[in-house]
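Only one structure is covered here, and it is reproduced in the block below.
Since we're looking at a predicted model, the values are computed, not measured. Along the sequence shown, residues carry numbers from 1.
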Amino acid sequence: MPSDVRFPDPSADLSSLAREAMVQRGFAVDFPEAAIDQAESLSEPAQNDNIPDKRHLLWCSIDNDDSRDLDQLTVAEPLDVKSTRVHVAISDVDALVRKGSPIDTHARHNTTSVYTPTIIFPMLPERLSTDLTSLNPHEDRIAVVISYTVGPDGHVNDGAVGRARIRNHAKLAYNGVAAWLDGEGDAPDSIADIAGLSDQLRIQDEAAQRLRMRRYEDGALDLETIEPRAIMDDGRVVQLRRERKNRARALIEDFMIAANGVTARYLETKGMPSIRRVVHSPERWDRLEALAAELGDHLPPVPTPKALADFLSRRRQADPLRFPDLSLAVVKLLGRGEYALTRTQEDDAGHFGLAVRDYVHSTAPNRRYTDLITQRLLKAAIGDARRPYSIQELEALAEHCTRQEDAADKVERQMRKSAAALLLSDRVGQHFDAIVTGAAAKGTWVRIFDPPAEGRLVRGTAGLDVGDRLSVRLVGTDVRQGFIDFEN
């Protein structure tokens, strides 16, 4: 059993553990000197006066409260009472980060930003990702703009891709916007102070709801997993906050999914290959069938997103308390997504969880390398220029990006566990309300509600099954391993 672990400087130790985890997973933790020199040589954002000027539109960003690497802005225009034209502006990172440059070489190796409780390992130097290539408020930028029309039934049509000069008129945060949209709070100052922005956001919200309804009708999975975020204060973990879905998060998610689909189809019409995000039809569908049967429900023998989505909807309504744990089980049985080179529609295996085909990652080039690759392909397609990557390069990059994303997920998950263990390390001996989330020969696992954390039940497991409610006593933590042990 691990002993209670305390560090004299929690912030420094979590940061040190994060660096160790990054190195163990094959990431370059620090930027090479050549990349630093390149970043320091840049004096201003990229500029281009030969592209359309769309700075007058009421562009805004909606992201986390503390986000500084702003990749996309949104704006919407009503066409009539039932259709809306949506525009998504994506930071033109390629304008400053050329293929093969020192910064690009580092980004190509890591392929993603990695977010841990005490330290962020950005894919690009912060001089770019939070400044020169970030779509910061009240600053002019150039962008790749993805446009599409949302019809009355939520279908996306008339997709187009181009470039433009844009300006972020307001930096907004998910929670504040969601509370206002739901009528549970006043409009944030950034909304109230800008004429027309409140109407603009309601237009966006209405279009997003149509998109969402269409996706759910097509079988997109509405999952709810618990991945608590460590809240830091003066270098210490003071809280684990569960990040819940809300209306503003859903708005951005819906717009980005639609934009990624438009991007994939645009590249195909231009004869360009693409790296698409694929989630295959689950090989362990039989286990999903058995899981449904255990809950008194039913899934058909042939995998379909719609059948699984309907099952999840029924379970959310029947047992909301255990739904996050069911969601996690489904995620594990679906298997991990991967990046795959696609040359034609026939090559595309689709994204089972989103119930879509034609899906790339294109909307976060400051923090995902696949999005930067896609951006370069898009710009070549827009300008009828030569393709920037060979087929062999794209195939190798798809495999590499898949491996690195999996590794990044493992680092972030490990550090979330370590942060939870650190928060609880001085509460050994205390009792918590809990629910059993796993019961098998290899062990019994419980999730406590406050703070939201999961650990192993090391004593008192007899007769327990998934879903049982109980009171547990914390008996030990291991911050380095991220272990939390309870007894019944």
Side-chain angles (χ1 to χ4, degrees), residues 1-25 27 29-30 63-69 112-123 126 129-130 171 173-176 179 225-244 246 249 324 367 407-434 437 445-458 471-487:
M1 180 190 310
S3 59
D4 183 18
V5 177
R6 294 181 179 84
F7 289 130
D9 183 352
S11 174
D13 282 294
L14 281 182
S15 296
S16 141
L17 288 177
R19 291 179 70 88
E20 288 179 23
M22 289 284 286
V23 172
Q24 289 170 359
R25 297 291 179 185
F27 290 100
V29 174
D30 299 308
D63 215 311
N64 291 312
D65 293 356
D66 55 357
S67 292
R68 297 171 59 217
D69 49 353
T112 183
S113 295
V114 183
Y115 299 84
T116 73
T118 57
I119 185 171
I120 295 172
F121 300 93
M123 184 183 78
E126 290 190 349
S129 62
T130 66
K171 181 179 184 291
Y174 290 128
N175 292 339
T225 56
I226 297 176
E227 292 184 349
R229 181 183 182 190
I231 305 301
M232 310 298 297
D233 183 25
D234 195 24
R236 295 182 175 273
V237 183
V238 295
Q239 181 185 0
L240 296 179
R241 180 181 298 164
R242 180 179 173 184
E243 296 288 354
R244 296 180 180 272
N246 63 41
R249 288 181 184 275
R367 50 193 172 88
D409 286 345
K410 290 174 182 175
V411 170
E412 292 177 351
R413 186 165 59 248
Q414 178 180 337
M415 294 314 301
R416 283 196 298 269
K417 291 179 179 179
S418 289
L422 184 58
L423 177 66
L424 289 167
S425 62
D426 61 357
R427 299 181 66 178
V428 172
Q430 294 185 19
H431 289 80
F432 301 85
D433 292 330
T437 58
W445 299 86
V446 298
R447 171 166 55 86
I448 62 175
F449 298 103
D450 186 20
E454 189 172 51
R456 186 172 183 178
L457 195 63
V458 296
S471 176
V472 296
R473 176 178 176 270
L474 178 64
V475 296
T477 65
D478 185 326
V479 176
R480 177 168 290 277
Q481 299 295 324
F483 293 161
I484 303 173
D485 286 358
F486 300 99
E487 66 180 8

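- Side-chain contact check for F483 versus R456: every heavy-atom pair is 4.5 Å or farther apart.
- Residues that satisfy the side chain to side chain contact (heavy atoms under 4.5 Å, CB included) test with E412, not counting sequence neighbours, are V114, Y115, D409, R416.
- At a threshold of 4.0 Å, the pair D450-R242 does not count as salt-bridged, since none of the basic side-chain nitrogens sits closer than that to a carboxylate oxygen.
- Residues D13 and V479 fail the side-chain proximity criterion, which asks for heavy atoms closer than 4.5 Å.
- Note: F27 CZ to T112 OG1 = 7.0 Å, rounded to the nearest 0.5 Å.
- Looking at heavy atoms from C-beta onward, R249 lies in side-chain contact with N64 at the 4.5 angstrom threshold.
- Residues P117 and V237 are not in side-chain contact: their nearest non-hydrogen atoms beyond the backbone lie 4.5 Å or more apart.
- Here the straight-line distance linking atom CZ of F486 with atom CD of E454 works out to 9.5 Å at 0.5 Å rounding.
- For D478 (side chain) and R480 (main-chain N/O), a donor-acceptor pair under 3.5 Å exists by modelled atom type.
- Scanning for side-chain hydrogen bond (donor to acceptor under 3.5 Å, both in side chains) contacts around S471 gives an empty result, with sequence neighbours left out.
- Here the shortest heavy-atom pairing between K171 and D65 reads NZ-O, 3.8 Å.
- Contact annotation: the side chain of L474 never approaches that of Q430 to less than 4.5 Å [non-hydrogen atoms, C-beta and beyond].
- Rounding to the nearest 0.5 Å places CG of L240 at 8.5 Å from CD1 of I448.
- Side-chain contact between T116 and L14 is absent, with no heavy atoms from C-beta onward closer than 4.5 Å.
- Within 6.0 Å of the NZ atom in K417, the count of heavy atoms belonging to other residues, nucleotides or ligands does not exceed 12.
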Legend entry - From CA spacing to verdict: side-chain contact (heavy atoms from CB on, under 4.5 Å), D63, R68: CA-CA 9 Å; D63 215 311; R68 297 171 59 217; over 6 Å; no

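- If you check the side chains of S425 and T477, you find no donor sitting under 3.5 Å from an acceptor.
- Rounded to the nearest 0.5 Å, atoms CD1 (I119) and CG (L17) are 11.5 Å apart.
- For E487, the salt bridge (Lys or Arg N to Asp or Glu O under 4.0 Å) partners are R459, R473, not counting sequence neighbours.
- The side-chain hydrogen bond (donor to acceptor under 3.5 Å, both in side chains) test applied to D433 returns no partner, not counting sequence neighbours.
- Closest of all the heavy-atom pairs between A453 and L424 is CB-CD1, 4.2 Å.
- Shown here for V411 and A21, the closest heavy-atom pair between the two residues is CG2-O, 3.8 Å.
- Listed by chain and residue number, V238 satisfy the side chain to side chain contact (heavy atoms under 4.5 Å, CB included) test with D233 (two or more places apart in sequence, or in another chain).
- Considering only heavy atoms from C-beta on, F432 stays 4.5 Å or farther from V446 through its side chain.
- Listed by chain and number, the residues in a side chain to side chain contact (heavy atoms under 4.5 Å, CB included) with Q239 are I231, R241 (sequence neighbours excluded).
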